[in-house]
Structures are given as structure tokens and as C-alpha cells.
Protein chains: 2
Amino acid sequence: MCPGGTPRAAAAAPPEPRVTKQRVAVGDALDTLNDFVTTQELHRLMADDGASVSLATTYRILQSLADDGLVDVLRNGDGEAIYRRCSVSAHHHHLLCRNCGKAVEIEAPAVEAWAAKTAATHGFTSVNHTVEIFGICPECSAASQPATQP
Amino acid sequence: MCPGGTPRAAAAAPPEPRVTKQRVAVGDALDTLNDFVTTQELHRLMADDGASVSLATTYRILQSLADDGLVDVLRNGDGEAIYRRCSVSAHHHHLLCRNCGKAVEIEAPAVEAWAAKTAATHGFTSVNHTVEIFGICPECSAASQPATQP
DNA sequence: CGTTAGGATGAGAAGCATTATCAACAAGCT
DNA sequence: AGCTTGTTGATAATGCTTCTCATCCTAACG
Ligand SMILES: [Zn+2]
Ligand SMILES: [Zn+2]
Ligand SMILES: [Zn+2]
Ligand SMILES: [Zn+2]
């Protein structure tokens, strides 16, 4: 019975990440934001805030959080990964400002069903999808066009 | 009358790209494919096919084609740009195999309407969107699981 | 058909984001 | 407190993409 194994962890218990001050700092920084940011942007924000976390570690922690589904990851127009803490753990999508990064979380059951049906129709398996809407948010539009109105 | 200007090109006529053998080679290579490919993949394919186009030029031409809307561009899971010749010029999306790159073009008016409405509801302007479905195509599924069925 | 101006190309350097290394460190456990 | 092992930081390395610039070639013109 259970040959050569530690008492717990029957098969392959994934070890939980340790609670380090760097990990806490990243978590706190994410909590103060409701915008999507790149790893480098978050690193700079933390540095400006006094928290000292190396860039390499910021990359590592964000990737780890993403792997565990604790943050949302998607790609900006340049193909760079951008991160944001999920407010809901369920599957959802985003409407985000390509100028300031502000994001609105969106749920669209109809789109989910459409995607699943479309994939099934063509015999595709192991399906996932990306559905993101990019635009300029009201604040950014207002800022760029103060008063003129043709 | 038209001081200091060439006869044509009243305001800012965008100069058409010249027809070079490199541009033709890229066009031909794209025509032989119905899969999405990265710039480097296309460069290798052309090299294998005898066509000699430098990597830098391949980058330039694909970007140019994309800017003119002559090829579809999207991002794979790694954030790399992947290209494919549009069979339809109208706006559409794709269902593509993340293993072999094969793509099916999809039109979904309902999704278009949903995206526009969602953006408008939140006051976003200059809106565009990405809607892509990734999966494993029937051929690739069959290849990876020949006969076993637990 | 020869000339010519300027866009296009190739080869390599440069830029940049991301990842890999590895010694030093510290979180968690006994 | 002491030990074990996951984490961190500084830096090198990797690899994709862009830039530079001398040369080449297309397109237009005489
Ligand atoms: Zn905004
Ligand atoms: Zn979805
Ligand atoms: Zn396939
Ligand atoms: Zn669409």
C-alpha cells in the first residue's frame, strides 16, 4: 500500500507556493489596480511604491498566479502578456481600454454556447477560445476631445 | 494650379508597393497554404521551396500585407503574430487547430452585434474585437489516439 | 530603349521582452 | 534553533523583431 511515498500526497500533490514578502507585494499591487498591466509595468509600479521585487521574480510570480488561475492573462495588441486579478473565478471575458488598460468583466453565455457549438460542428476537440473587446473608454475619449463637436 | 505637386496624388495618395519577386514569392507561398503561419515559418517554407527571400524582408512584406488588410493576422498562444491569406475580404473570425494551424473561417453576425452592443453599453468607442476559437482538428485528434480507448 | 529617382532588399547589428543560471537566502517544519 | 528545500536577485543568455545602410531593381520618363 502506497509504496515509497510520503504519508500524504497520494499521487502528485502540487506543492503550494510559499508566502514570501515578494508574493505578498505582488498580490497587494494587483489589488490596488483594476487595469490590465504588463509584468514590467507592475514591476515599475511596485518600485515606485517602495516595494522591492526584482523583475525576474515579478515575471515568475505573475506566471505562477496565472497558472493557478488566480489572475486573468491575455495579450495586448503587441502580443505582450497583460495581467489582472480576477474578481470572479468563473470563466468570463473583457471589454478593455486600449489607452489606459481599464477593464470591464463580461459574461456572455450566448457566446460561450456559440463557440462550443461551432467547434463541435467542425469536429474540433480540446477547445478554448478568446473573446476580447478593445476600445477607448469614456474617460479617455473625453480627455482627448475636450469640447469640440462638429 | 497644383503648385509644386505631381499631376496625380491630390492630397496623400499612399504609394503602391512595387511588384518585386520577393513580394510575388510571399504571395505564392501564402496561396499554397490554408494554415496560419508565423513569419519565420513562412520564411523557412519559402527557403525549402527554393525561393530566396531574406527573413527581414519576409517580416516587412507580411506586415505590409497585413496593414493593407490583404492577409489575416492574429496571435497564437505565445503572442506571436500568425498570418494567413483571407479568402473573404469581409470581417470574420477563425476556428483553428493549435497543433497544425489549419483554420476554418467563421462568420457570426450575432457575435458581431453582441460585441458592438456590449461596447456601446459601456460607452466605449473606436471598438474592435478578437474572437478566435482554438482546438485540435479531427485529423490531429485521430493521429494522436489511433485505436486505444480506455 | 537608355536614364534616372527612389522604393525595396539583404546582411548584420541593435533593441527588447522573456527565460535560464546559480549562489545566497529564508519559509516552514521538527 | 537547526535543517530542508522552495525562492529570490543579479546577470547572462535566448530568441523574436526591428533598424541601419549600402546596394539593387522597379517604375516612370525622355
Ligand atoms: Zn481608458
Ligand atoms: Zn468564453
Ligand atoms: Zn490540426
Ligand atoms: Zn467580428
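All heavy atoms count here, side chains included; hydrogens, waters and symmetry mates do not. We name chains A, B, ... by the order of the sequence lines, and we start the count at 1 in each one. The structure displayed is predicted, hence computed values, not measured ones.
The distance between atom CG of B:Leu62 and atom P of D:dC16, rounded to the nearest whole Å, is 15 Å. Atom CG of B:Asn76 is separated from atom C1' of D:dT17 by 14 Å (rounded to the nearest Å). B:Tyr83 has its OH atom 14 Å from the P atom of D:dC16, to the nearest Å. The separation between A:Ile82 atom CD1 and C:dA17 atom C1' is 15 Å, rounded to whole Å. Distance CZ (A:Arg75) to P (C:dA17): 14 Å, rounded to an integer number of Å. Rounded to an integer number of Å, the gap from CG of A:Leu55 to P of D:dT7 is 18 Å. Rounding to whole angstrom units, CG of residue B:Asp78 and P of D:dT17 are separated by 11 Å.
Separating the CG atom in A:Leu62 from the CG atom in A:Leu70 is a distance of 11.5 Å, to the nearest 0.5 Å. Note that CG of B:Asp72 is 11.0 Å distant from CG of B:Leu96, once rounded to the nearest 0.5 Å. Taking OG of A:Ser126 as the start and CZ of B:Phe134 as the end, the distance is 14.0 Å to the nearest 0.5 Å. Taken to the nearest 0.5 Å, the CZ atom of B:Arg44 stands 14.0 Å off from the CG atom of B:Asp49.
Side chains of A:Thr57 and A:Arg60: a donor on one and an acceptor on the other come within 3.5 Å.
Smallest separation of non-hydrogen atoms from B:Gly135 and A:Phe124: C-CD2, 3.9 Å.
Listed in residue order, the members of residues 16-44 of chain A having a heavy atom less than 4.0 Å from DNA chain C are A:Arg18, A:Val19, A:Gln40.
Annotation: of the two residues near DNA chain D, A:Ser52 and B:Tyr59, the 5′-most nearest-nucleotide partner is A:Ser52.
Judged by distance alone, with hydrogens and angles left aside, A:Arg60 brings a side-chain donor or acceptor within reach of the base of D:dG9, the pair sitting under 3.5 Å.
OP1 or OP2 of D:dT18 lies within a sub-4.0 Å distance of a side-chain N or O belonging to B:Gln63.
Ring geometry, A:His91 versus A:His129: the interplanar angle exceeds 60°, so the pair is classed perpendicular (tilted spans 30 to 60°).
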Contacts under 3.5 Å, N or O only, protein and nucleotides 28-30 of chain D:
none

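Of the candidates D:dT17, D:dT11, C:dG10, D:dT17 carries the atom nearest the B:Glu80 side chain, counting heavy atoms from C-beta on.
Salt bridge present: B:Arg85 and B:Asp31 bring a charged side-chain N and a carboxylate O closer than 4.0 Å. Ion pairing of B:Arg84 with B:Asp35 is absent here, as no side-chain N (NZ or NE/NH1/NH2) approaches a carboxylate O to less than 4.0 Å.
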